[in-house]
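Here is the structure we will look at, set down as structure tokens.
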Amino acid sequence: MSSQSPDKRRKMETALDQLKKHTVVVADTGDFNAIEEYKPQDATTNPSLILAAAKMPAYQHLVDQAIKYGVAKGGTEEEQVANTMDKLFVSFGLEILKKVPGRVSTEVDARLSFDKDEMVAKALRLIALYEEAGIGKERVLIKLSSTWEGIQAGRVLEKDHSVHCNLTLLFSFAQAVACAEANVTLISPFVGRILDWYKESTGRAGYEAHEDPGVLSVIKIYNYYKKFGYGTVVMGASFRNTAQVKALAGCDLLTISPGLLAELSGDYAVVTPTLSEEAAKSCDLEKIHLDEKDYRWRHNEDRMAVEKLSDGIRKFAADGVKLETVIREKMLSGKNGK
């Protein structure tokens, strides 16, 4: 049979358009052009994405403005760099908010992942910078690593400061349960990185979407949350292919890279919701409660989650250091150029 005519295809809905009917689509990028093109509801960034964007000529003015701010704040070189980093992350967030109707996620330095109080302080600093620019906290999600300390920082920020949190680098069911019990706004379970681990550890070349360990992890978390009425919402993240994305249609939110958004925009296959609150109510899961001891034991029993959480923190921290190096070099060249 011949393929459908271009005219008929144009009248059909793309997979991305269909997905948006069932799930809030979030752009996983710091590239404003990609955000404008695919029109997501929200956008999320991390140190790796900001580092990549900060190297693009189109965004050098944001880097320069952040450095000017950091230097003007004074203090030691370390303090100037820290203030510049905060300003740069918020500056990207502010530009993104001009292009999305919803919220932007801004990440706390991964090097603070095991210090609850420092994470809280950094989050409040970022929120203050947004508020100085006229953006209320309701349009910002603060991203925190899903360590025990990060989850407890999220609890404090939500309860005491009404700051909405996105708990990221989430790989284990224990992390998800602890986040729900801390009443954080949103979690980001990492689908693709779970798949990566299983492919490497088993030697398998790939998995079909219905058996993909990353997809199954999100389905279990979503069903648990909906069955027991938790307010925390689920945002699947870190996708490797569009099959993973489509297998989670119906999830509260999905954050998707520009490359996969482009593929979904050119895909006219039917997208059917696979997740729903109604179906979740009948799932075979029991409610559990986790204190710190229980959390640490259950998480420790999941070798994949332990390895991927540690690896994720290291990678985000490394990219944060690389971004600081870029800032230091530009600061130095600015001083020498005077």
Side-chain angles (χ1 to χ4, degrees), residues 14-30 34-35 38-46 49 93 96-97 99-107 137-144 146 154 158 163-171 175-176 179-180 182-194 209 212 214-227 229-261 263-265 271-280:
T14 68
L16 182 58
D17 288 333
Q18 295 174 67
L19 185 65
K20 287 180 177 179
K21 291 183 176 180
H22 310 294
T23 294
V24 174
V25 171
V26 180
D28 193 10
T29 180
I35 293 168
Y38 299 111
K39 297 177 172 51
Q41 173 72 20
D42 298 344
T44 182
T45 64
N46 62 46
L49 296 172
I96 287 169
L97 286 174
K99 301 179 184 298
V100 300
R103 299 178 294 195
V104 68
S105 288
T106 297
E107 190 145 352
K137 63 181 72 172
E138 71 279 356
R139 294 202 67 196
V140 181
L141 285 166
I142 293 295
K143 288 178 81 172
L144 303 163
S146 296
E158 297 271 5
V163 170
H164 300 301
C165 296
N166 170 354
L167 271 291
T168 188
L169 293 175
L170 194 144
F171 302 98
Q175 288 174 296
C179 285
N183 294 312
V184 302
T185 296
L186 178 149
I187 62 166
S188 295
F190 275 36
V191 178
R193 294 195 196 188
I194 292 177
D212 185 309
V215 170
L216 295 178
S217 173
V218 175
I219 291 173
K220 180 179 179 180
I221 292 166
Y222 175 92
N223 286 340
Y224 183 82
Y225 279 17
K226 302 311 177 190
K227 178 170 184 174
Y230 287 107
T232 302
V233 295
V234 181
M235 180 170 74
S238 167
F239 292 103
R240 297 293 178 259
N241 53 65
T242 58
Q244 290 178 324
V245 175
K246 290 189 280 189
L248 291 174
C251 191
D252 298 311
L253 307 95
L254 298 174
T255 181
I256 308 168
S257 68
L260 294 182
L261 288 171
E263 287 187 41
L264 291 166
S265 295
V271 176
T272 305
T274 53
L275 297 178
S276 71
E277 292 192 33
E278 293 73 27

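Position 1 is the first residue of the sequence, and the numbers go up from there.
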Going by heavy atoms in the side chains, are Thr14 and Leu264 under 4.5 Å from each other? no
How close do Cys251 and Gly236 get, counting heavy atoms only, and between which atoms? SG-N, 4.3 Å
In this structure, OG of Ser238 is separated from CG of Leu170 (nearest 0.5 Å) by 12.0 Å
Check the orientation of Tyr224 and Tyr230. Use parallel for under 30°, tilted for 30 to 60°, and perpendicular for over 60°. parallel
Spatial distance of atom OG1 (Thr44) from atom CG (Leu141) [nearest 0.5 Å]: 8.0 Å
Looking at side-chain heavy atoms only, is the closest gap between Leu248 and Tyr222 below 4.5 Å? no
For Val25 and Lys20, which heavy atoms make the closest approach, and how far apart are they? CG2-CG, 3.6 Å
Step by step, work out the side-chain contact (heavy atoms from CB on, under 4.5 Å) result for Ile256 and Tyr38. CA-CA 10 Å; Ile256 308 168; Tyr38 299 111; over 6 Å; no
Can you find a heavy atom in the side chain of Pro40 that is under 4.5 Å from one in the side chain of Ile35? yes
Give the C-alpha distance, both sets of side-chain angles, the deciding distance and a yes or no for side-chain contact (heavy atoms from CB on, under 4.5 Å) between Tyr225 and Asp252. CA-CA 11 Å; Tyr225 279 17; Asp252 298 311; 5.8 Å; no
Atom pair CG (Asn166) and OG1 (Thr185), whose distance is rounded to the nearest 0.5 Å: 9.0 Å
With no hydrogens and no angle check, is any side-chain donor or acceptor of Glu158 less than 3.5 Å from a backbone partner on Ala182? no
Where the side chain of Gln175 meets the backbone of Ser146, is there a donor-acceptor pair that is under 3.5 Å apart? yes
Return the minimal non-hydrogen interatomic distance between Ala280 and Asn223, and the atom names on each side. CB-OD1, 3.4 Å
Do any N or O atoms from the side chain of Thr168 and from the backbone of Ser188 form a donor-acceptor pair under 3.5 angstrom? no
Can you tell if the side chain of Arg193 reaches within under 4.5 Å of the side chain of Arg240, non-hydrogen atoms only? yes
Looking at Val104, Leu169, Asn46, Leu167, which hits side-chain contact (heavy atoms from CB on, under 4.5 Å) with Lys143? Asn46
Could you give the distance from CD1 (Ile194) to CG (Leu216), rounded to the nearest 0.5 Å? 9.5 Å
Side chains of Thr272 and Thr274, heavy atoms from C-beta outward: is any pair under 4.5 Å? no
For the backbone of Arg103 and the side chain of Asp42, can you confirm whether one donor and one acceptor N or O come within less than 3.5 Å of each other? yes
If we only count heavy atoms from C-beta on, is the Val234 to Pro189 side-chain gap below 4.5 Å? yes
Spatial distance of atom CG (Leu186) from atom OG1 (Thr232) [nearest 0.5 Å]: 8.5 Å
Tell me the closest heavy-atom pair linking Gly250 and Thr23, and the distance in Å. N-OG1, 2.8 Å
With rounding to the nearest 0.5 Å, note down the distance linking NZ in Lys226 to CD in Glu278. 11.0 Å
Quick one: do the Glu107 and Thr45 side chains pair a donor with an acceptor below 3.5 Å? no
Quick one: closest heavy-atom pair of Val271 and His22, and the distance? O-NE2, 4.2 Å
Quick one: closest heavy-atom pair of Leu97 and Arg139, and the distance? O-NH2, 3.3 Å
